[in-house]
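Values below: every heavy atom of this structure, side chains too, minus hydrogens, waters and symmetry copies. On a predicted model such as this, the values are computed, not experimentally measured, just so you know.
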Amino acid sequence: MDRYELIEAMERYRDPVKAVQMKKYMKDQFKFLGLQSVKRRDVSRPFLSSLKNSALDWQLVFFLWEQPYREYQYIACDYLLQKKDDLSIEDVDNIRQLALDKSWWDTIDNLDKLIGTIALKHPELNDSLLDWSKEDNIWLRRIAIDHQRMRKKQTDTVLLEQIIVNNLNQTEFFINKAIGWSLRDYSKTDPKWVRRFIETHRQEMAPLSVREASKYL
């Protein structure tokens, strides 16, 4: 199955009723074909399977990103996650470009995993992520905040604290939620560290961040 056969297959399963529901759920940000995640993965599986042993193809990623329906950006993310072990620091600029185009939490919460994979192998990326944490663009900041999720004992707590502190005293929902998620995730590994962070910064943290961060404490 090539990319055009993928599009034909996706079109065959178009569901106008679900498309309206999915668009509404995403605050009318994007158009949808109406393929929910299970169906999308079923339809795209032969396409993605055929690419497992080939080199990472950024032209394909951007081709999918340019398609008018949101499901294709999800397939691009699925493809990149499939290829995450092939990613290197040279791929960061392309991921940044994706983060700035058709930006919303659904794709960003996949792209942060890719950046996290690269940064774990290339800690020299940490300085750039500190810069991202101070960007005007909220989605780059969200990636910086959440890129260490699920690292457990490999978490760089100095970096985590610096990035979060750069984003305290915020009113932006997606930033405050990200802070809470990153702290909540790390609380499973080191609850004392998270508890101490909250005690130190509570006055600067949004109630949403505190509530999310404290879920497992």
Side-chain angles (χ1 to χ4, degrees), residues 26 37 73-74 77-78 80-89 91-96 98-100 103-217:
M26 297 303 291
S37 58
Q73 284 90 67
Y74 297 158
C77 289
D78 291 342
L80 287 170
L81 288 167
Q82 177 177 288
K83 293 289 188 182
K84 67 180 181 178
D85 291 337
D86 297 335
L87 293 170
S88 72
I89 200 162
D91 296 306
V92 170
D93 285 345
N94 283 333
I95 297 172
R96 177 189 171 99
L98 298 180
L100 295 174
S103 311
W104 201 242
W105 63 263
D106 52 345
T107 52
I108 294 301
D109 289 356
N110 285 291
L111 299 179
D112 65 8
K113 296 172 188 173
L114 304 175
I115 290 294
T117 296
I118 298 170
L120 190 59
K121 294 187 292 186
H122 298 278
E124 62 269 29
L125 184 56
N126 290 350
D127 286 342
S128 294
L129 288 167
L130 274 173
D131 291 338
W132 284 25
S133 75
K134 296 179 281 188
E135 288 270 2
D136 290 337
N137 185 278
I138 66 167
W139 303 114
L140 293 179
R141 285 160 49 202
R142 185 175 168 102
I143 288 174
I145 293 165
D146 277 345
H147 83 277
Q148 291 197 80
R149 282 188 305 131
M150 296 180 285
R151 275 197 193 172
K152 300 181 179 179
K153 292 183 178 180
Q154 292 181 291
T155 300
D156 182 337
T157 54
V158 173
L159 178 64
L160 178 63
E161 182 162 15
Q162 287 178 306
I163 285 174
I164 293 177
V165 167
N166 286 343
N167 285 276
L168 296 179
N169 294 307
Q170 298 287 320
T171 59
E172 171 55 57
F173 171 85
F174 289 111
I175 295 300
N176 291 330
K177 188 81 168 180
I179 290 170
W181 277 357
S182 63
L183 292 172
R184 181 179 69 187
D185 181 73
Y186 189 57
S187 74
K188 301 173 190 175
T189 301
D190 191 342
K192 290 182 179 179
W193 188 93
V194 174
R195 193 175 289 113
R196 186 166 56 248
F197 182 95
I198 294 172
E199 290 171 356
T200 301
H201 298 287
R202 184 181 292 273
Q203 296 305 312
E204 305 157 274
M205 294 177 68
L208 172 61
S209 299
V210 174
R211 185 168 63 252
E212 291 286 343
S214 303
K215 184 172 182 179
Y216 300 125
L217 297 180

Next item on the list: Begin from the C-alpha positions of L168 and M205 and carry the test side-chain contact (heavy atoms from CB on, under 4.5 Å) through to its verdict.
Entry: CA-CA 6 Å; L168 296 179; M205 294 177 68; 3.7 Å; yes
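- A ring-centre distance under 6.0 Å is found for W104 and W139.
- Pairs passing the ring-ring contact (aromatic ring centres under 6.0 Å, His included) check and including a residue from residues 146-173, sequence neighbours excluded, do not occur.
- To the nearest 0.5 Å, the span separating CD on Q73 from CG on L111 amounts to 10.5 Å.
- Counting heavy-atom neighbours within 6.0 Å of K121 NZ, excluding the residue itself, gives a total above 12.
- N176 and T171 get closest at one heavy-atom pair: ND2-C, 3.9 Å.
- To the nearest 0.5 angstrom, D146 atom CG is 8.5 Å from I164 atom CD1.
- The CH2 atom of W132 sits 7.0 Å away from the CG atom of L125 when rounded to the nearest 0.5 Å.
- Contact between Q170 and I175 at its shortest, heavy atoms only, is CG-CG2, 4.0 Å.
- Between N110 and K113, some side-chain heavy-atom pair lies under the 4.5 Å cut-off.
- Looking at Q148 and L129, their side chains never come closer than 4.5 Å, going by heavy atoms from C-beta outward.
- With hydrogens and angles ignored, the 3.5 Å screen pairs a side-chain donor or acceptor of R142 with a backbone N or O of F174.
- Of all the heavy atoms in I145 and L160, the pair that sits closest is O-CD1, 4.1 Å.
- Residue D91 holds its CG atom at 11.5 Å from OG1 of T117, rounded to the nearest 0.5 Å.
- From D131, atom CG reaches atom CG of N166 across 9.5 Å, with rounding to the nearest 0.5 Å.
- Counting only heavy atoms from C-beta outward, the side chains of V194 and I198 approach each other to under 4.5 Å.
- What you find for H122 and S88 is that their closest heavy atoms are NE2-CA, 4.3 Å.
- Dense packing is recorded around NZ of K177, with more than 12 heavy atoms of other residues, nucleotides or ligands lying under 6.0 Å away.
- Counting heavy-atom neighbours within 6.0 Å of Q203 CD, excluding the residue itself, gives a total of 12 or less.
- The OH atom of Y186 sits 12.5 Å away from the NZ atom of K152 when rounded to the nearest 0.5 Å.
- Looking at S103, its side chain does come within 3.5 Å of a backbone N or O of A99 through a donor-acceptor pair.
- The shortest heavy-atom contact between T155 and R151 is OG1-CB, 3.6 Å.
- Salt-bridge annotation for R141 and E135: absent, with no side-chain N of the basic residue lying under 4.0 Å from a carboxylate O of the acidic one.
- Across all non-hydrogen atoms, the minimal contact from S182 to R149 is CA-CG, 4.0 Å.
- Counting only heavy atoms from C-beta outward, the side chains of V210 and L183 never approach each other to under 4.5 Å.
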Next item on the list: Could you give me the CA-CA distance, side-chain angles and deciding distance for V92 and L87, then say whether side-chain contact (heavy atoms from CB on, under 4.5 Å) is met?
Entry: CA-CA 9 Å; V92 170; L87 293 170; over 6 Å; no
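- With a 4.5 Å cut-off on side-chain heavy atoms, T107 and L98 do not count as touching.
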Next item on the list: Tell me, with the steps shown, if I179 and L208 meet side-chain contact (heavy atoms from CB on, under 4.5 Å).
Entry: CA-CA 9 Å; I179 290 170; L208 172 61; over 6 Å; no
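- The aromatic rings of F197 and W193 lie parallel to each other, with less than 30° between the two planes, well short of the 60° mark.
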